Amino acid sequence: MPDMSASLALTHLVPLAKEVDENKVTPGVLGFIVFAALALAVWGLMKSMNRHMGKVTFEEDPEKPEKGVVASGKGSGSGPGGKASPAKG
């Protein structure tokens, strides 16, 4: 009986295939090649980004005060008398 349902399904699909308009423009092989090239490029970029993001190390400096907190004391580094330290990196 499974063969009967498969052949019945095929008999319903064959007329649908004949209804396809031959004047329609389809992407074809060139469209597939362009799409595959774009997919490979995105895959390569994501792999590269993942590798570069893995190299990034972020350690928050616990000694620095938060933006809202005003540092008190001498030599805080942010006032006119303090020394500015160069940026790391």
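What you see is a predicted model, and the numbers here were worked out from it, not measured in a lab.
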Quick one: hydrophobic cluster around Val29, which other residues, with the 4.5 Å side-chain cut-off, linked directly or via members?
Ile33

Members besides Phe32 in its Ile/Leu/Val/Met/Phe/Trp/Tyr cluster (side-chain heavy atoms under 4.5 Å)
none

Compile the donor-acceptor pairs under 3.5 Å between side chains in residues 44-54 and protein atoms, sequence neighbours left out, one pair per line.
residue : atom : partner : partner atom : Å
Ser48   : OG   : His52   : ND1          : 3.4
His52   : ND1  : Ser48   : O            : 2.8

